[in-house]
Amino acid sequence: MNRTITSIVPTHTVKEGGGFSVRRPVAMGRLMSPFLLLDEMGPVVYGPGEAIGAPSHPHRGFETVTYLLEGNMCHADSAGNNGDINPGDVQWMTAGRGVIHSELPQDELLQNGGRVHGFQIWVNLPAKDKMMMPRYQDIPSANIPFVESESGDVWAKVIAGKALGVEAVIDTVIPITYIHLRLQPGAAYVHPCDHDHNMMLYTFGGSMSVEGRRLEDGSLGLLSNGRSFSLVAGDEGAECLILGGPGLDEPIARYGPFVMNTREEIVQAINDYNNGELA
Ligand code: MN
């Protein structure tokens, strides 16, 4: 049976990092598992000297995934990794046992200003993998597969998982689906998926509907279980993310940038960070 939308989560705008604005779906909780957070950064136009990022901060116990559409970022971390993220690029960072990193606008963007638009999602790790060694997958846009439907009215960038027969190149700890979809007005798309995975759609342009229920710009639709779902773009077309993965049926202990299973593990993470052992 085709999946339907079981609930629609609206977004609100909050300040993150050094004070940049993000659109964030409200109170997603366990229904969103294995995802912990979905932030749409911007779109925002910064003037010269205005661009803001997230200076040095730690993470432990999950993954942060950054996907930029416009603007840029440079990142650096305690393990000595550093690099740029440019439009279309994805950085899939598995924090595991811990990293301290910064995510900042590149000098040119800071000096001259410019438009920034992108996403950061947080993917939880199962208890057995929370203390794995940190891992980076910095994938430039040119290496991320995309595909167009035969009729040319659906475009899909396959960041994780599979769409229109094309498979992602990024390796995930648990099977994750992360697809960026762009649909022409009235275009239809069918997505086959694992029956039990939690699947959700985040619309960030235009609107679309699933089995007759409409999903407006800036809203997250949670889907029922099933082997596939069909979506149809509205009159103005649609742009969305398809996110999915197995729900993790484990307790969540969360404190700022640390996401573990118990309060003791959070205390340990804070102590490790304060003792300089997290890096
Ligand atoms: Mn971070």
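Whatever order the structure lists ligands and atoms in, that order sets their numbers, starting from 1.
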* To do: Identify the two heavy atoms, one from Thr11 and one from Gly218, that lie closest to each other, and give their separation to 0.1 Å.
  =>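 Nearest pair, atom of Thr11 first, then Gly218: OG1-O, 2.6 Å.
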* Identify the heavy atoms of Ser56 and Ser102 that sit nearest to each other, and give their distance. =>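 So the two residues come closest at N-CB, 3.6 Å.
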* **Proximal protein heteroatoms (N, O or S) of the Mn ion (ligand 1), under 2.8 Å** => His57 NE2, His59 NE2, His101 NE2, Glu103 OE1
* Structure fact -> In short, salt bridge (charged side-chain N to carboxylate O under 4.0 Å, His left out) pairs touching residues 58-76 with sequence neighbours left out are Arg60-Asp272, Glu70-Arg115
* Got a salt bridge between Arg24 and Glu40, using NZ or NE/NH1/NH2 to carboxylate O under 4.0 Å? -> no
* Which residues pass the side-chain contact (heavy atoms from CB on, under 4.5 Å) test with Asn82, sequence neighbours left out? -> Ala76
* Please collect all ring-ring contact (aromatic ring centres under 6.0 Å, His included) contacts where either partner lies in residues 220-239, sequence neighbours excluded, each pair once. =>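 For residues 220-239: His191-Phe229.
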